[in-house]
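Report on the following structure.
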Amino acid sequence: MDTSTSKSEKELIDLKKELEELEKSQNGVKEKGLKFKEQIAVGFKSLDEICNTLDKQEKESSKLLQRITLLQSGGGDKSNDAVVEMKQKIQSIKTSIKQSKKTFTPETGGVFVRLFLGQVNVKHYREGERFRLKTEYEKFKFKTNPQFILFVALLFMFPSNSFITTSWQIWLLYYYVTLALRENILLVNGSSIRPWWIMHHYLSIAGALTNLLWPLSTSFTDLLPMMTMFSGAQGIVQILTNRYQQGQLYRMVAIGKANIMDVTSENMISDPGWTPSALFLLPFLLFVHCFQMYNGFVFLTYSYFKYHTYYIEWQVIACGLILVSLGIGNLVTTSNIYLNKWKSYSSSDNNNNNNNNITNNNNNNRVSSSSVAKKEQ
């Protein structure tokens with residue numbers, strides 16, 4: 001009994017000590033949290049001051065530039081070194097101000113983001129948070145691309161099931177809205193995304209919404225197989241393209257030719273290399289873009305020839321125009337990408353040949369000079 005009592009008392013003393021230590025630790029965390037809040041308040045106050053100062057500097061530099069321009073146009077010597085130097089300095093300052101505003105000024109991410117989130121700041125100032133935004137965007141694309149194939153399989157197996165058809169339409173709308181929203185936020189946080197890809201997703205949102213509003217009519221039943229086949233082809237090509245782009249992006253970041261905030265949709269453009277993988281993807285990309293345009297023309301032709309037979313919904317014409325626009329835009333963009341890659345590859349190949357020729361000439365000169373020296377001896 002005495003032994004068990006002493007053990008319980010010792011356990012009680014240990015528990016009290018651990019509880020006291022936990023309480024002290026919690027109080028310390030509270031104090032650090034309060035200090036952290038104060039530091040954040042001070043930091044954002046400094047950020048507001050920086051933004052206000054940048055606005056003033058931007059106005060002042062514009063006024064100075066106008067004064068110098070008036071001075072030159074009013075009969076001053078345009079070749080005056082002092083005037084030219086001042087103008088160059090002002091241009092350099094304006095560039096620096098623009099870059100600083102891009103880094104520090106809070107941004108709402110454009111009209112599309114404001115429609116969903118309102119007038120809120122979507123810029124992240126921590127490097128880790130910005131990189132997480134980009135990583136989550138890549139994860140979303142990687143996880144959702146196979147769902148194109150899944151829905152295509154379900155639509156082929158159950159073509160008359162309205163629940164599956166509606167679920168597919170809702171999923172397409174969710175997919176493109178999410179991509180456009182994330183890309184707009186990534187643009188604010190330093191990612192490089194070409195305007196066409198943003199416009200592509202806006203048009204896709206319009207197409208998905210039109211598709212969702214399309215009633216289960218005769219025209220929808222007739223054209224559903226075309227949409228299903230295109231969705232399957234698009235899913236397969238997106239999976240192949242995404243795998244290639246991820247590999248290229250990791251390589252370019254490793255060698256310092258890409259920013260860590262660059263996304264997979266851009267590195268295929270910024271990467272000047274001509275690889276077998278890029279050549280392998282080309283026929284698949286051309287096929288899906290041409291198939292998209294073909295679907296659009298089929299929709300428009302269908303609406304023209306069936307107009308006098310029975311009522312044609314406006315969704316047929318709208319989807320046709322959207323598909324044609326997307327197909328043309330994608331085809332032009334892809335052609336420009338591969339043309340630039342080929343030009344870059346050709347120029348680098350020519351440079352390598354020139355360097356090799358110079359090296360060979362130098363070696364030949366060394367050999368000839370050494371042979372001449374031997375003859376003289």
Testing the basics here: between [X] and [Y], what is the closest heavy-atom pair and its distance to 0.1 Å?
| X | Y | value |
| --- | --- | --- |
| F148 | G235 | CB-CA, 3.6 Å |
| L300 | S303 | O-OG, 2.7 Å |
| G232 | V152 | N-CG2, 3.2 Å |
| L331 | L286 | CD1-CD2, 3.6 Å |
| T165 | P159 | OG1-O, 4.3 Å |
| G320 | F299 | CA-CB, 3.6 Å |

Spell out, yes or no, whether [X] and [Y] are grouped together once hydrophobic residues are joined by side-chain heavy atoms under 4.5 Å, including indirect joins.
| X | Y | answer |
| --- | --- | --- |
| F156 | F220 | yes |
| F36 | L34 | no |
| F104 | I40 | yes |
| F116 | V120 | yes |
| L12 | L19 | no |

Side-chain heavy atoms of [X] within contact of [Y], under 4.5 Å:
| X | Y | result |
| --- | --- | --- |
| R182 | I185 | no |
| L187 | I198 | yes |
| N295 | M227 | no |
| L181 | V113 | yes |
| V316 | W214 | yes |
| Q169 | L173 | no |
| L172 | F151 | no |
| K123 | N189 | yes |

What verdict does the side-chain contact (heavy atoms from CB on, under 4.5 Å) test give for K24 and E21, after you've listed the backbone C-alpha separation in whole Å, the side-chain angles of each residue and the deciding distance to 0.1 Å? CA-CA 5 Å; K24 287 180 181 178; E21 290 176 0; 5.7 Å; no
Keeping the roles fixed (side chain from [X], backbone from [Y]), state whether a donor-acceptor pair exists under 3.5 Å.
| X | Y | result |
| --- | --- | --- |
| S325 | L321 | yes |
| N211 | G207 | no |
| S92 | Q88 | no |

Those residues that, when tested against Y294, pass ring-ring contact (aromatic ring centres under 6.0 Å, His included) (two or more places apart):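 Listed in chain order: nothing, the list is empty.
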Evaluate E127 against R130 for salt bridge (charged side-chain N to carboxylate O under 4.0 Å, His left out), listing each step before the verdict. CA-CA 5 Å; E127 189 74 23; R130 287 191 284 127; 2.5 Å; yes
Distance in Å, N184 CG paired with R114 CZ, rounded so as to fall on 0.5 Å steps: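 Separation between the atoms: 10.0 Å.
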Roughly how far, to the nearest 0.5 Å, is CG of L155 from CG of N161? 9.0 Å
Test side-chain contact (heavy atoms from CB on, under 4.5 Å) on M157 and L154 and set out the steps. CA-CA 5 Å; M157 288 188 292; L154 291 173; 3.9 Å; yes
Does Y125 OH have over 12 foreign heavy atoms under 6.0 Å away? yes
Parallel, tilted or perpendicular: rings of F112 and Y202 (30°, 60°): tilted
Ring-plane angle category for W197 and H200, please: parallel below 30°, perpendicular beyond 60°, tilted otherwise. perpendicular
Verdict with supporting geometry, K87 and L65, side-chain contact (heavy atoms from CB on, under 4.5 Å): CA-CA 7 Å; K87 200 167 186 178; L65 189 61; 4.0 Å; yes
Could you name each residue pair satisfying salt bridge (Lys or Arg N to Asp or Glu O under 4.0 Å) that touches residues 43-68, not counting sequence neighbours?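 Pairs touching residues 43-68 that pass the test: D55-K101, E58-K101.
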Report the C-alpha distance between F284 and I236 in whole Å, list the side-chain angles of each, state the deciding distance to 0.1 Å, and finish with yes or no for side-chain contact (heavy atoms from CB on, under 4.5 Å). CA-CA 9 Å; F284 293 96; I236 293 171; 5.7 Å; no
For the residue pair Y175 and W168, is the inter-centroid distance of their aromatic rings smaller than 6.0 Å?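 No, they do not, as the ring centres are separated by 6.0 Å or more.
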